[in-house]
Amino acid sequence: MSKWYPKKGRVIFHVDMNSFYASVEMAYNPELKGKAIAIAGNPEERKGIIVTSSYEARKKGVKTTMPLWEAKKLCPELLVMRPNFDRYRTASREMFNILSDITSFVQPVSIDEGYMDITDCQHLGSPLEIAASIQNRIKSELDLPCSIGIAPNKFLAKMASDMKKPMGITVLRKRDLAAKLWPMAIEEMYGIGSKTAEKLYKMNIFTIKDLVEADALQLKRILGINGERLQNRAKGMDTSPVDPDAVHEFKSIGSSETLPEDTTDYTEIRQLFSRLTRNVVRRMQRKQAVGRGIQIMVKYHDYKTITRSRKLPDYTDNESEILAVSMDLFEKHWNEEPVRLLGITVQDVAEKKDIAQQLDLFTYEKEASKEKLYKTIDELTEKYGKNPFKNLGGKGLDIEPRTSFQKDFLNDYRDRNRTNEE
């Protein structure tokens, strides 16, 4: 097996579930197999955006993030289903359990994908044999398809897993780059979004090969340190390890929500900011975390998106303070155009146990004076299920806000593993 397992290098897998949400629904209800189905939000509201779709639907042009009306136009027979996140979490846990049976070096990066370092798994066979075993086991036990990329590093493994879907296994070695990787369009490279691609187009960089051959100084001038990083990856260089503990790290906690209709109504906007803040603070308290930065995101009716942030003098998890800073940022930067989506993110997050704040006498007295009030509010919140002193009388303020499911999953994965370790 030594020819498959280099003495100095690594053997990395990227396991990527195919059309995950739709595939889970098909596994749950086999009658859906072979049909064009899509998972979307509330079909009655504009929030009906395609989250994912089956390959049958994709053949008709249905794509992720496409508005539901457009998808229906392209594929009239499309079956639209609301997401069932509990079902997806369960399937994901089972999938990662299968990966963990192979090696302890598993790094989840979202609910439906993760990296594995199988360098020390020679006793289980060749990388191709191990990949086939994983793929077959996930299919037979969970009835779910996946694709697996095999490479000497994480970046190449990620690129490889996208090369053949569904149910593909692709090996991407450094000697294969000129034939397999470099001819690809630059926007197909992992880590390059639409804005970065536009900057690269202006530099006459249209393929990954163009990026490899580009002037390094010009890349750094246009893209900063990210230009150097992207060029190194295009050359097949990526030293980042498969880190099982990476899921334990969190630097920010955020929440966003699309409004039912574009609005300039300040009251409605403030109510949404209040809901988002409450949700972020609830998650921070659950994780015993505090943060030192506040960032808001505003998406306008024309899809133009801005983010504005502010650094705080001290760590906080105080709902009133976070809301006040968020509203101040919004009021200073809102162009009074109709708003489509709002988001709040608390940045520079750290766990309370890791923060040794030096309090002067006045700060101590201020915080101590609030402690009994906070305790009473928490007790009443625990008893009645919501804070009885906040947002009284606000229409619709008790609606459970929506969050990033991918981030929530990773947070749950981290918390579950910590519980298991304890």
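- Proximity of Lys154 to Gln107: side-chain heavy atoms (C-beta onward) are separated by under 4.5 Å at one or more points.
- Using a 3.5 Å distance cut-off with no hydrogens or angles, the side chains of Asn318 and Thr316 do not pair a donor with an acceptor.
- A donor-acceptor pair under 3.5 Å links the side-chain atoms of Tyr300 to the main chain of Asn335, judged by distance alone.
- Contact check for Leu200 versus Leu219: side-chain heavy atoms found under the 4.5 Å cut-off.
- No donor-acceptor contact under 3.5 angstrom links the side chains of Asn232 and Arg229, judged on distance only.
- The nearest pair of heavy atoms linking Lys235 to Leu177 is O-CD1, 3.5 Å.
- The main-chain N or O of Ala214 is found under 3.5 Å from a side-chain atom of Gln231 such that the two form a donor-acceptor pair.
- Atom CZ of Arg308 is surrounded by more than 12 heavy atoms from other residues, nucleotides or ligands within 6.0 Å.
- In this structure, the side chain of Thr305 engages the main chain of Tyr303 through a donor-acceptor pair within 3.5 Å.
- Pairing each heavy atom of Ala151 with each of Ala157, the nearest pair is CB-N, 3.3 Å.
- Within the model, atoms CG of Leu142 and OG1 of Thr90 stand 11.0 Å from one another, a figure rounded to the nearest 0.5 Å.
- For the pair Met116 and Ile148, the minimum side-chain heavy-atom distance is 4.5 Å or more.
- Side chain of Glu141 to backbone of Ile138: no donor-acceptor contact under 3.5 angstrom is found.
- A heavy-atom distance below 4.5 Å is not found between the side chains of Glu94 and Leu144.
- A distance of 12.0 Å separates CD1 of Ile222 from OG1 of Thr196, quoted to the nearest 0.5 Å.
- Looking at Asn18 and Ser147, their side chains do bring a donor and an acceptor atom within 3.5 Å of each other.
- A donor and an acceptor atom, one from each side chain of Glu336 and Tyr266, are nowhere located under 3.5 Å apart.
- Residues Glu337 and Asp302 fail the side-chain proximity criterion, which asks for heavy atoms closer than 4.5 Å.
- No donor-acceptor pair under 3.5 Å is formed between the side chain of Asn29 and the backbone N or O of Glu25.
- Side chain of Gln135 to backbone of Cys146: a donor-acceptor contact under 3.5 angstrom is found.
- Without hydrogens or angle criteria, Ser326 side chain to Ile322 main chain gives a donor-acceptor distance under 3.5 Å.
- Remark: Lys164 NZ is loosely packed, at most 12 non-hydrogen atoms of other residues, nucleotides or ligands lying under 6.0 Å away.
- In this structure, Thr267 OG1 and Gln271 CD are separated by 6.5 Å, a value rounded to the nearest 0.5 Å.
- Side-chain contact between His14 and Glu113 is present, with at least one heavy-atom pair separated by less than 4.5 Å.
- Using a 4.5 Å heavy-atom threshold, the side chains of Arg283 and Val280 count as separate.
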*Do Phe85 and Ile111 pass the side chain to side chain contact (heavy atoms under 4.5 Å, CB included) test, and can you show the C-alpha distance, the side-chain angles, and the key distance before you say yes or no?*
CA-CA 10 Å; Phe85 293 130; Ile111 189 172; over 6 Å; no
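- Between the CD atom in Gln347 and the NZ atom in Lys311 there is a gap of 8.5 Å [rounded to 0.5 Å].
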*With salt bridge (Lys or Arg N to Asp or Glu O under 4.0 Å) as the test, would you mind laying out the steps for Asp143 and Lys33 before giving the verdict?*
CA-CA 11 Å; Asp143 198 14; Lys33 290 185 177 182; 2.5 Å; yes
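- Residue Leu68 holds its CG atom at 5.0 Å from CD1 of Ile50, rounded to the nearest 0.5 Å.
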*side chain to side chain contact (heavy atoms under 4.5 Å, CB included) assessment of Gln285 paired with Val281*: CA-CA 6 Å; Gln285 291 174 342; Val281 169; 3.6 Å; yes
*Applying side chain to side chain contact (heavy atoms under 4.5 Å, CB included), run through Ile269 and Thr263 and close with a yes or a no.*
CA-CA 8 Å; Ile269 288 170; Thr263 186; 4.1 Å; yes
*Quick one: do Ile134 and Phe13 satisfy side chain to side chain contact (heavy atoms under 4.5 Å, CB included)? Show the steps, please.*
CA-CA 11 Å; Ile134 291 171; Phe13 283 6; 4.0 Å; yes
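- Note: Arg233 CZ to Leu181 CG = 12.5 Å, rounded to the nearest 0.5 Å.
- One N or O on the side chain of Asp238 and one on the backbone of Phe155 form a donor-acceptor pair closer than 3.5 Å.
- With a 6.0 Å radius and a threshold of 12 heavy atoms from other residues, nucleotides or ligands, Phe105 has its CZ atom at or below the threshold.
- A side-chain donor-acceptor contact under 3.5 Å links Glu129 to the backbone of Ser126.
- For Thr277 (side chain) and Glu319 (main-chain N/O), no donor-acceptor pair under 3.5 Å exists by modelled atom type.
- Environment of NZ in Lys220: sparse, with no more than 12 heavy atoms of neighbouring residues, nucleotides or ligands closer than 6.0 Å.
- Within a 6.0 Å radius of NZ in Lys202, other residues, nucleotides and ligands contribute 12 heavy atoms or fewer.
- With Tyr55 as the aromatic partner, Arg58 meets the cation-pi criteria of under 6.0 angstrom to the ring centre and within 45 degrees of the ring axis.
- Annotation: side chain of Leu230 is in contact with side chain of Leu211 (closest heavy-atom distance under 4.5 Å).
- Ring geometry for Phe330 against Trp334 counts as parallel: the plane angle stays under 30°, on a 0 to 90° scale with 60° as the upper cut.
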